[in-house]
Structure formats: C-alpha cells, structure tokens
Amino acid sequence: DVKVTQSSRYLVKRTGEKVFLECVQDMDHENMFWYRQDPGLGLRLIYFSYDVKMKEKGDIPEGYSVSREKKERFSLILESASTNQTSMYLCASGGPRYYGYTFGSGTRLTVV
Amino acid sequence: GENVEQHPSTLSVQEGDSAVIKCTYSDSASNYFPWYKQELGKGPQLIIDIRSNVGEKKDQRIAVTLNKTAKHFSLHITETQPEDSAVYFCAAYYEKLTFGTGTRLTIIP
C-alpha cells in the first residue's frame, strides 16, 4: 500500500513564525498535493506538483509556498504564520490521473 | 473552475437502513468521480470511484451512480453498519480534484 507520511500530527506555532509541514510518499508517485480542511468548506487545494522542482498554485495559495527538491518529498511552507491559517493540513500523492489520491493522516496546525 | 456541491451536510440513519449522499458538479469536462471516507483522526480514504463513461458501479454495500447530462452523482450505502459512521467527500476530476464540502454520516444503533 502507498504510504503518505506527514511529519507531525499536531503543531502549535506563534503568529509570525515560519512553519514547515513535511510530507513523504513511498510509491514513486509523480503527483503530490497539499490541501487544507476546514469545517463546512471541505478540502481546498493549496499547491500541487506534477514533478520534481515543479509547483503549481491551487485554489488558495496566498500565504503559502512549497518545495519539492526530491520526488518523494513535498513541503508546505507558511512564510509568516497567521491565526487564520489554523487548520488541518492534508498531503496527498497520486499516480496516473484516473487513480484516486492517497492521503496522509493530516497535521492539525494551531497558530496562536 | 470546477465547483462541487454536496448534500446533505449531516445525515443520521438507523442501522440497517440505506444512506444516500448527493453531489453536483459544474464543469462538463470532469471525467472521474471518486468518493472518500474520512474516519476520526485519519486522512480521507478512497472507497469507490466512477469514470464518466460508466453510469453505475457497485462494490458490496456501496454503489455510485452518475448522470452526466444532469451533472449529478450519488453515493448509496445499503445495510448500514456502525463502522460506516464517518465523513464522506465526493470529488470531481478534470486536471485536478475538486472536493465537495463533506457529509457527516452517523449510524444510529
């Protein structure tokens, strides 16, 4: 089974801090994604990547950036954390387009 | 871009009864429609999917139907069990996945 591992289950950060959320997948998938999950809003796409060094903005990229230096690792960066970025963050990876994504267990980030 | 609407947002069903969750999408180019189940403390997990050239697909107690003309697709769970309690998300795919807002399904013993 594909495994998508997110480095932290829970994080508490202060406003203005630079925050790194790490995601690693072990099935050599080309595609990786970062979503944010909020009650009543579902899953919203922040950034995605179809290849190493490649990144594309999703629906809500403001305040975030990403890094994909290696195929298996996709990092989400909050340059200056704000309280409205308190949320559940989900990483996913996927193979060919008609196959569903595999999600990690999520990182619940609280910005105080 | 694509917009996916999902209803209802919450659903309570007696154990053994059926549950139906409905979604609509806006982009007629969408061609793949997966459903995910998210249990407490876990990430969403793919449970069933359907491609645009198929009208219905079934896997044991779970079935999905697709009406491309109306841009509707639905998840049907029969003979519900307590372990079916979870949040369910529909999604539509064209170049990327767009998710619905989720349905919290509670099975009442």
Side-chain angles (χ1 to χ4, degrees), chain A residues 1-10 21 23-25 27 29-51 54-61 66 74 87-108, chain B residues 1-10 21-27 29-54 57 59 62 64 66 73 75 86-105:
Chain A
D1 282 352
V2 176
K3 283 189 179 173
V4 178
T5 303
Q6 295 185 231
S7 53
S8 304
R9 290 298 302 273
Y10 300 95
L21 302 184
C23 176
V24 177
Q25 52 97 0
M27 283 297 289
H29 280 169
E30 292 83 8
N31 310 322
M32 296 189 75
F33 309 85
W34 275 105
Y35 286 87
R36 170 176 172 161
Q37 181 177 11
D38 299 289
L41 297 177
L43 280 69
R44 294 180 291 166
L45 182 62
I46 305 171
Y47 266 95
F48 61 101
S49 169
Y50 288 156
D51 201 354
M54 176 269 183
K55 58 186 178 184
E56 291 282 348
K57 292 180 180 179
D59 300 318
I60 52 165
V66 290
F74 193 37
S87 187
M88 170 70 85
Y89 290 88
L90 290 162
C91 176
S93 76
R97 68 168 62 176
Y98 288 118
Y99 289 84
Y101 302 168
T102 298
F103 282 87
S105 295
T107 295
R108 184 166 294 281
Chain B
E2 175 65 276
N3 181 51
V4 178
E5 294 190 359
Q6 182 173 348
H7 298 281
S9 57
T10 61
I21 302 170
K22 298 182 178 182
C23 291
T24 60
Y25 62 99
S26 61
D27 190 344
S30 289
N31 53 17
Y32 171 67
F33 306 91
W35 285 87
Y36 287 83
K37 176 184 181 182
Q38 186 177 27
E39 296 175 325
L40 198 61
K42 298 183 179 180
Q45 183 176 11
L46 178 70
I47 56 171
I48 195 168
D49 55 15
I50 191 168
R51 300 184 189 184
S52 59
N53 58 348
V54 176
K57 183 177 179 181
D59 182 4
I62 295 174
V64 57
L66 172 65
F73 58 115
L75 177 71
V87 178
Y88 292 81
F89 291 97
C90 63
Y93 181 95
Y94 178 66
E95 298 183 333
K96 61 180 174 73
L97 270 182
T98 300
F99 286 84
T101 51
T103 296
R104 182 173 298 279
L105 175 63

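Residue numbers start from 1 in every chain, and the chains themselves are labelled A, B, ... in the order their sequence lines are given, proteins ahead of strands.
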Portion of [X] that has a non-hydrogen atom of chain B nearer than 4.5 angstrom:
X     : result
A:F33 : neither
A:D38 : neither
A:R9  : side chain

- What residue in B:P34, B:G41, B:G102, B:G100 has the most heavy-atom pairs under 4.5 Å with chain A? B:G41
Nearest-0.5 Å distance, [atom1] of residue [X] to [atom2] of residue [Y]:
X     : Y     : atom1 : atom2 : answer
A:Q37 : B:Q38 : CD    : CD    : 4.0 Å
A:N31 : B:K96 : CG    : NZ    : 13.5 Å
A:L41 : B:F99 : CG    : CZ    : 14.5 Å
A:L45 : B:T98 : CG    : OG1   : 8.0 Å

- Query: Do A:Y101 side-chain atoms and B:P44 backbone N/O form a donor-acceptor pair below 3.5 Å?
  - Reply: no
- Answer yes or no: does atom CZ of A:R44 have more than 12 heavy-atom neighbours from other residues, nucleotides or ligands under 6.0 Å? yes
